[in-house]
Every structure is written in C-alpha cells, then in structure tokens.
Amino acid sequence: MSVDTTVVKCSECASRNLVYDDNRGERHCGDCGIVLEQDIIDASPEWRNFNQEGNQTDRSRVGAPATNLLHDKGLMTDIDWQDRDFSGALIRNRSQLYRMRKWQRRSKIKGSRQKNLSTALMKIRSLCSKLDLSKTVQERAADIYKKALFADLVRGRSIDTMVCASIFIANQQLQTARTVDDIAKIARIGPKEIGRTYREVKRKLGIRTPLPTPTIYVDRFCNALALQTKIQRDAYDIIRRAEELEMNDGKSPSGIAAAAIYIASQVGGQPRTQREIAEVSNVTEVTIRNRYKQLADSLNIEVNL
DNA sequence: AAATTAGGTTACGCGAC
DNA sequence: GTCGCCAAACCTAATTT
C-alpha cells in the first residue's frame, strides 16, 4: 500500500499547512479545514485468505469492521462471571481470572465516561437515521463526541445537546447540508442551545470547517422538487458564474441555491413556483425573489413568467 | 403566482457584566 | 449565562398587480 503524497497544497485556499490525521486516515487543510484526501488507510479485503477450504473467492477479513459507533469499537469480548471455561469445566487459576476481570472493569467502565459514551452513541445512531445521514457522517459525529467527552466539554450539559452539536459539526465537515434547525426539530432541543454548544466545541477542540457554499444544497433541493438532472446542472452553473462575480458573500447559501434552482427550473421548461422551492429550502419567497432578480440581472438571464 | 412594501428579527464574535 | 454592539440579510404580513 502506498500513500499518495502528490497533494502538497490546499485546493481551496492554496495553504500548504496540511494536516494528516492518522485516526481518520485523511489529510485536511489546517487553515480552512477542507478534507483533501480520504481513506488513505487501506480497508479493502485481503488479497487472499488461508482457510481450510482453500476458498479463493472470499477475500474478506474475519469479523465485523472496527467502528466508532460502539463504545468499545465492537472489538471487546466479555469475560463471563462464571469460573468455568467454554466446556463447563472449572478453571483452576481463579486469581488469574480475577485479575482479568479487574482489568476488564477498568477498561470498560472508567468512571462514567464509557457509559456516557455508549448512550450517546445510541442517540447518534438513531438521530442520524432519522435525518437520513450516511454512516460516514455518523462515524464522524461519534468521533467528535468522543473528543468532546474526553475534553470534559459534556460536563454540565445534557448528552442530547452535545449529541446534536456533534452531528451538526460532522455535517459541516462533510458538507451534507443540514441546518441546526433540522436537527433541533427532530431531537426536540432548542436550536439556540445547540448553536451555542457546537460553537464552543469547535473553538475548544480547534475544529475548522469548510465555508458553506450554495452547491451543497442543490442536490437535496432538486431531489425534493423532482427536477431533472439537466436543471440541476444548470443551477450549478448559475451558482458557479455568480461565484466568479463574487456575488455570494454574506448571503445565505440556501437562498442562493433556491434562487438558482428557481431560475433553472423556469428557463429549463420544468417550472417550479417560488412557493414550492421556499417550502423545501426553508427560505421565504421574498428572499428567493430578491436573490433571483439579482442573479438574473447580473448574469443576463431572461426569466419570462 | 408573483411583486411590492414596511417593519420586526436574526447571527456573528467578543468583551463586560 | 446574558447583554450590547451593529448592519445587512432575512423574515412576517398585508396589499397590489
């Protein structure tokens, strides 16, 4: 396995301050936080296996993959309370067994952290599935929660709030276009509290996230509006041209995305009303109007109604 | 459905309280 | 933890085209 070392500077901000994270197997920019390389660690199946049947088509490794979503990464084996081995015979060296249990206790229930972690991970799993978020996002959220927990940031805060904050930050990093409100609504937690918490976590842990761009919303909105991929491409194009003219700074990315989709849908012969787009994008019709007028104006696009 | 208008509300980081 | 800072961007709501 070889590590690709061709990437030497950030594609976004041209910084050379690249950070290699061994745990995640990825390289990201130390300045803007964008992930440049992923899956550097090779988790693919072994080239061949060595079982008795000589089965050469099954190249899988043994056992479930290691995951952040279980508090012991799914790799821990329990030691039974009985002083017997698997066949039921008494084990003679009881003191040794005692020592083994002691170590297991220490590693498993260190204070209350592991317990806290396992309940938090359950909540992350259930919330993420309700939010239609991929395994990748779940793993990242779990990772962030764990770091926050060991940095003592959960003390005096509810697990739920911290879970939401972790999920939101994971979203930002992986550009999955969910808002604090989306999460707050499903978790039934105040959005302000989540906002306050996720900001503190980011600051204390030194987590940086890529700047949000309108493009990350296009996919989701177009799907929700049942628009053809041609319309979607047109919307991307409009956003790209707007970015070249530096028109997007300070505006809400979802508003730009909504406006671009509106224009593309009208011009492309698959019209959607401002009302419909406002619905799926969580942006008002007024904002869509303002944005789309400005966009159509600057880009010389005719939108006839 | 879309446009217009007017007026109230938010988000941001940071320091002071 | 909250307040205040501030302007622009955003929102709500009513009304008109």
## Note on the structure
Ranking C/dC10, C/dT12, B/dA3 by distance to the side chain of A/Val286, first place goes to C/dT12
## Note on the structure
When rounded to whole Å, the CD to C1' distance for the pair A/Gln274 and B/dA2 reads 6 Å
### Message
Between A/Lys230 and A/Asp234, does any NZ, NE, NH1 or NH2 come within less than 4.0 Å of an OD or OE carboxylate oxygen?
### Response
yes
#### Entry: Atom-pair distance (CD on A/Glu285; P on C/dT17), nearest Å
19 Å
### Integer-rounded Å distance: C/dT16 C1' and A/Arg289 CZ
12 Å
### Query
Which comes earlier along DNA chain B counting from the 5' end, the contact point of A/Asn290 or that of A/Thr273, where each point is its nearest nucleotide?
A/Thr273
### Query
B/dA6 and C/dC6: how far apart are their P atoms, nearest whole angstrom?
25 Å
### Task
Taking only the side-chain nitrogens and oxygens of A/Arg291, find out if one of them lies under 4.0 Å from OP1 or OP2 of C/dC10.
yes
## Note on the structure
Between CG of A/Asn282 and P of C/dC10 the distance, given in whole Å, is 14 Å
### side-chain hydrogen bond (donor to acceptor under 3.5 Å, both in side chains) between A/Thr287 and A/Asn290, intermediate numbers included
CA-CA 5 Å; A/Thr287 301; A/Asn290 292 336; 5.4 Å; no
### Query
A/Arg272 near the nucleic acid: base, sugar-phosphate alone, or nothing, with a heavy-atom cut-off under 4.0 Å?
nothing
#### Entry: A/Tyr262 side chain, from C-beta outward: closest of C/dC11, B/dA2, B/dA3
B/dA2
### Message
Could you check whether A/Asp152 pairs with A/Arg113 (Lys NZ or Arg NE/NH1/NH2 to Asp/Glu carboxylate O, under 4.0 Å)?
### Response
yes
### Query
Any chance CD of A/Glu244 has more than 12 other-residue heavy atoms, nucleotides or ligands included, within less than 6.0 Å?
yes
### Distance in angstrom units between A/Arg155 CZ and C/dG1 C1', rounded
19 Å
### Message
Would you measure the distance from the P atom in B/dG15 across to the matching atom in C/dA8 and give it in whole Å?
### Response
24 Å
#### Entry: Rounded interatomic separation in angstrom, taking NZ from A/Lys293 and P from B/dA2
11 Å
### Task
Look at the side-chain N and O atoms of A/Ser252 and state whether any lies under 4.0 Å from the OP1 or OP2 oxygen of C/dA9.
no
### Task
Using a 4.0 Å heavy-atom cut-off across all strands, classify A/Lys192 as base, sugar-phosphate, or nothing.
nothing
### Task
Would you mind classifying the nucleic acid contact of A/Asp249 as base, sugar-phosphate or nothing, using non-hydrogen atoms under 4.0 angstrom?
nothing
### Query
Mapping A/Glu200 and A/Gly255 onto DNA chain C by nearest heavy atom, which one lands closer to the 5' end?
A/Glu200
### N or O in side chain of A/Arg275 less than 4.0 angstrom from B/dA2 OP1/OP2
no
### Pair A/Arg196 + A/Glu200, salt bridge at N-O below 4.0 Å
no
### Message
Let's see if you can work this out: which of C/dC11, C/dG1, B/dA3 has an atom nearest to the side-chain heavy atoms of A/Arg196?
### Response
C/dG1
### Selection from B/dA2, C/dC11, C/dC10 that lies nearest to any side-chain heavy atom of A/Lys251
C/dC10
### Query
With respect to the side chain of A/Tyr198, which nucleotide from C/dC10, B/dC12, C/dC11 is positioned closest?
B/dC12
### A/Asp297 CG to B/dA3 C1', straight-line distance once rounded to whole Å
15 Å
#### Entry: Rounded distance (Å) that lies between atom P of B/dA11 and atom CG of A/Leu211
18 Å
### Residue pair A/Lys123, A/Asp160: steps toward the side chain to side chain contact (heavy atoms under 4.5 Å, CB included) verdict
CA-CA 8 Å; A/Lys123 293 184 177 189; A/Asp160 299 82; 3.3 Å; yes
